[in-house]
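Excluded from the calculations below are hydrogen atoms, water molecules and symmetry mates; all remaining heavy atoms, backbone and side chain alike, are included.
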Amino acid sequence: MTSSTASAKTPSLRIGVIGAGVMGTNHGRVLAGLPGVSLVGIVDPLPEHRDRAVELIGCKTFATLDELLLAGVDAVTIAAPTHLHHEVALTCIGRGIHVLVEKPIASTVAEGREIVAAAEKAGVTLMVGHVERFNPAVAAIKQALRDEDILSIGITRVGPFPPRMSNVGVVIDLAVHDIDLIRWFTDSEITEVQPQLSSAVAEREDIALLQFRTASGVLAHINTNWLTPFKARTVTVATRGKYVMGDLLTRQVTECFGFKADGSYSMRHLPVGHDEPLRAELIAFVNAVRSNGTPAVTGQEGVASLEIAIQCLEQPARPAATASAAPLRAAG
């Protein structure tokens, strides 16, 4: 049997999308163009969302999850609002359906753990949509850090107030991406959290300055807000041997190395791919389902990053030293 004949006999993976907002519509667009995938349709209770999906993708739409499940799916991607992730994921897993759920995995750590436990019991693939890992610039940074002794990580993720934001602030909406990246870059868990949060114009926090220490001793910080008039996404990593700078929007990654006693050093731009992150993520999900292998971002990893994000929201800021404390004196 030739390889072309074998691939022709491989049945298409029937995938549905739950949620036809901006992200869900993008899921549908990408899935509709993937080889070996049949997009069964997109579910959304809002007629205007379904109409947009039909217009942009030309796919079938459903008003309820039950309708999609009756049509028959092997796997789903969940891009519904976060508060629905738990119920929808458990319903699909209960029917033996493989699941990719957008970040954050759920509204609470307990709900996230329930999803993970259900997927393990059912023997289905569960992947969490931390799409930033699939940004080619992030992949280049990760490659540059191989075998390096990481000392510190700094991440900036800022931009204007989002018009479609619901009931979460910048920590759950934005910083959870970077909490995941810190854990991924360091291959280590975060053990200390020092958050500073403020609500300048929004009901929830719209400024967050977050400091972390990992189990491996790496110091990291995240600067995120909805007050910057333009988007910026940058990563800097200091190791004992190099300094890596990445712009996740322009996808330019540079490393400084060869530090000399006189202060001189060398610099080079690293090669960065051109893949669409969401397409790379969905291909990774399809491959994990087909191979029954470990997905690129496991449910446990999704829960771990959510747990740190929630710690940032719940941990009170430390009070400064009182005025009555003895004044600090400079040496000398």
Side-chain angles (χ1 to χ4, degrees), residues 13 15-21 23-24 27 42-45 62 64-70 72-133 166-169 171-184 189-191 193 204 281-282 284-286 288-289 291-315:
L13 199 64
I15 302 183
V17 177
I18 300 164
M23 198 64 191
H27 276 232
I42 301 183
V43 178
D44 201 287
F62 305 92
T64 68
L65 176 58
D66 284 343
E67 292 176 56
L68 172 68
L69 298 181
L70 281 172
V73 290
D74 303 308
V76 295
T77 68
I78 301 174
T82 302
H83 69 274
L84 298 176
H85 287 186
H86 178 251
E87 179 186 352
V88 172
L90 290 184
T91 298
C92 294
I93 290 167
R95 300 202 184 194
I97 295 166
H98 306 284
V99 169
L100 180 147
V101 58
E102 270 298 335
K103 67 83 192 167
I105 185 172
S107 296
T108 68
V109 171
E111 287 184 352
R113 287 177 178 155
E114 280 187 45
I115 294 171
V116 171
E120 288 176 350
K121 184 177 179 181
V124 300
T125 298
L126 171 64
M127 179 166 156
V128 183
H130 279 284
V131 71
E132 197 72 279
R133 285 203 201 183
S166 56
N167 60 344
V168 299
V171 171
I172 296 296
D173 182 50
L174 298 181
V176 74
H177 282 294
D178 304 310
I179 290 168
D180 177 69
L181 291 185
I182 290 166
R183 295 178 58 256
W184 191 50
E189 293 302 328
I190 291 170
T191 55
V193 175
R204 302 298 298 268
E281 176 184 79
L282 291 173
F285 174 58
V286 168
V289 170
S291 68
N292 195 31
T294 303
V297 186
T298 65
Q300 291 93 330
E301 289 179 294
V303 170
S305 293
L306 173 63
E307 188 166 17
I308 296 300
I310 290 176
Q311 279 185 35
C312 290
L313 295 174
E314 293 179 345
Q315 183 167 319

**Q.** From Leu174 atom CG to Ile179 atom CD1, the distance as rounded to the nearest 0.5 Å
**A.** 11.0 Å
Q. Under a 4.5 Å cut-off applied to non-hydrogen side-chain atoms, are Glu132 and Leu181 in contact?
A. yes
Q. Distance from Ile308 atom CD1 to Ile190 atom CD1, nearest 0.5 Å?
A. 5.0 Å
Q: Might you point out which heavy atoms bring Ala118 and Leu90 nearest each other, and give the distance in Å?
A: CB-CD2, 3.6 Å
Q) Are side-chain heavy atoms of Val297 and Lys103 found at a separation under 4.5 Å? A) no
(Q) I'd like to know if the side chain of Arg133 reaches the main chain of Trp184, judged simply by a donor and an acceptor atom lying under 3.5 Å from each other, with no hydrogens or angles considered. (A) no
Q.
Using side-chain heavy atoms (C-beta onward) and a distance below 4.5 Å, is Ile172 in contact with Leu306?
A. yes
Q) Do we see a donor-acceptor contact under 3.5 Å between the side chains of His86 and Glu114? A) yes
**Q.** Check: His130/Glu301 side-chain N/O donor and acceptor closer than 3.5 Å
**A.** no
(Q) Just so I know, are the side chains of Ile115 and Val101 near enough to count as touching, which here means a heavy-atom distance under 4.5 Å? (A) no
Q.
Do Leu69 and Thr91 have side chains that approach each other closer than 4.5 Å (heavy atoms only, starting at C-beta)?
A. yes
Q) Going from CG on Leu65 to CZ on Arg95, what distance comes out if it is rounded to the nearest 0.5 angstrom? A) 7.0 Å
Q. With a 4.5 Å limit on heavy-atom distance, are the side chains of Val286 and Ile15 in contact?
A. yes
(Q) Can you confirm whether more than 12 heavy atoms, excluding those of Glu67, are under 6.0 Å from its CD atom? (A) yes
Q.
For a 4.5 angstrom cut-off between non-hydrogen side-chain atoms, does Ile18 reach Cys92?
A. yes
Q. Taking all atoms of both residues into account, what is the closest heavy-atom pair of Ile42 and Ala20, and its distance?
A. CG2-CB, 3.5 Å
Q: Evaluate the side-chain proximity of Val116 to Ile105: yes if any heavy-atom separation is below 4.5 Å, no if none is.
A: yes
Q) Is it true that a side-chain atom of Glu307 and a backbone atom of Val109 form a donor plus acceptor pair closer than 3.5 Å? A) no
